[in-house]
Amino acid sequence: MRADPGNAAYPTHEYQDVPERAGQAHLWFTADSPAGPVFVAHSNGWVSGLQITPSGHEPDPGRFVDYMRDEVGTDVEPDPDPDPKLVARVSEALATGRTDVPVDLSSRSPFQQEVLRATARIPRGEVRTYGELAEEVGRPRAARAVGTAMARNPVPLLVPCHRVVPASGGVGNYGFSSGLKAKLLAGEGVIL
């Protein structure tokens, strides 16, 4: 079943649906988030990449273009006229921690897609350990591979990899800094 990315009631369990990729341009726009400014890439209403601007840095479109080419495997260009509905939907999701924006995870392996879909189901204000997520996807010995999937998440915040923590305690690693991960979790009411 193909979900309508414009539908506000888009269910998170349909993350396995991805857009038709043939001939679709990947465009980007910027948005605000609890982590600061972000670049958001999309194709035909589906978000294919998101990059947080590191603290203390100015937003750098060239860095985002390189990320999309190197890590997601697609070229991306500025969106001269972003769809206001998509921008509003992404902005609301970033502000509220919702995970119902349609994302394209096709640049990741089938296992990583499965892990990222499970991650998208972690509610705001809750966390899971890498091991719990591995068990949830039926691979209880794959906690380290779950960590790799978190590190390769092309759409952080929309697929909330910051809600995955080590069983040993603390917040663990985060590609943008452990301090930012702690700040995001605290903003969601998580007490570790």
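All figures in this text were calculated on a predicted structure; none of them were measured in a lab.
Connection of V101 to L27 is not established within any shared hydrophobic cluster, with ILVMFWY side chains joined at heavy-atom distances below 4.5 Å, either directly or through further cluster members.
Using a 4.5 Å heavy-atom cutoff, the side chains of F39 and T53 are in contact. For the pair P54/R63, a side-chain contact is recorded, criterion being any heavy-atom separation below 4.5 Å from C-beta on. At least one side-chain heavy atom of L50 sits under 4.5 Å from a side-chain heavy atom of L94. Between H26 and E77 the shortest side-chain heavy-atom distance does not fall below 4.5 Å. Using a 4.5 Å heavy-atom cutoff, the side chains of V40 and T30 are not in contact. A 4.5 Å side-chain heavy-atom check between W46 and V103 finds every atom pair outside the cut-off. Looking at heavy atoms from C-beta onward, L184 lies in side-chain contact with L157 at the 4.5 angstrom threshold. Looking at P37 and I52, their side chains never come closer than 4.5 Å, going by heavy atoms from C-beta outward.
No donor-acceptor distance shorter than 3.5 angstrom exists from the side chain of K181 to the backbone of Y174, with no hydrogens or angles considered. With hydrogens and angles disregarded, no donor-acceptor distance shorter than 3.5 Å links the side chain of K183 to the backbone of A35. Checked by atom type and distance alone, the side chain of T99 pairs as donor or acceptor with a backbone atom of A120 at under 3.5 Å. S48 places no side-chain N or O within donor-acceptor distance of the main-chain N or O of S43, the cut-off being under 3.5 Å.
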| task | Evaluate the criterion side-chain contact (heavy atoms from CB on, under 4.5 Å) for residue pair L185 and V127; output intermediate values, then yes/no. | result | CA-CA 9 Å; L185 290 172; V127 296; 3.8 Å; yes
| said: Using the rule given for side-chain contact (heavy atoms from CB on, under 4.5 Å), can you reason through E71 versus R152, listing the C-alpha separation, both sets of side-chain angles and the distance that settles it, and then say yes or no? | reply: CA-CA 8 Å; E71 294 297 321; R152 303 264 351 263; 3.8 Å; yes
| Can you list the steps and then say if D104 with V47 is a side-chain contact (heavy atoms from CB on, under 4.5 Å)? | CA-CA 6 Å; D104 176 358; V47 176; over 6 Å; no
| said: E188 vs H162, test: side chain to side chain donor-acceptor pair (under 3.5 Å). Steps then yes/no. | reply: CA-CA 11 Å; E188 295 182 359; H162 63 278; 2.9 Å; yes
| request: Please test N153 against T119 for side-chain contact (heavy atoms from CB on, under 4.5 Å), starting from the C-alpha separation and ending with a verdict. | output: CA-CA 10 Å; N153 179 4; T119 304; 5.8 Å; no
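Looking at H42 and D79, their side chains do bring a donor and an acceptor atom within 3.5 Å of each other.
Closest non-hydrogen pair, Y130 versus N173, comes out as OH-O, 4.1 Å. Of all the heavy atoms in A149 and L116, the pair that sits closest is O-CD2, 3.8 Å. Residues L133 and A118 share a closest heavy-atom pair of CD1-CB, 3.9 Å. In this structure, F111 and A145 approach most closely via the heavy-atom pair CE2-CB, 3.6 Å. Summarising the geometry of G45 relative to L86, their closest heavy-atom pair is O-CD1, 3.9 Å, with the distance given to 0.1 Å. G49 and M68 make their closest contact through CA-SD, 3.7 Å (heavy atoms, listed as atom of the first residue, atom of the second, distance).
The pair E114-R139 does not count as a salt bridge, with every side-chain nitrogen at least 4.0 angstrom from each carboxylate oxygen. Taking the charged nitrogens against the carboxylate oxygens, R69 and D66 do have a contact shorter than 4.0 Å, which makes a salt bridge. Ionic pairing of E126 and R163 is not present here: no N-O contact between side-chain nitrogen and carboxylate oxygen is shorter than 4.0 angstrom. Using a 4.0 Å cut-off between a side-chain N of Lys or Arg and a carboxylate O of Asp or Glu, R98 and D100 qualify as a salt bridge.
For CZ of R108, the number of neighbouring non-hydrogen atoms (other residues, nucleotides, ligands) closer than 6.0 Å is greater than 12.
Note: W28 and F64 have perpendicular aromatic rings, judged against thresholds of 30 and 60 degrees for the angle between ring planes.
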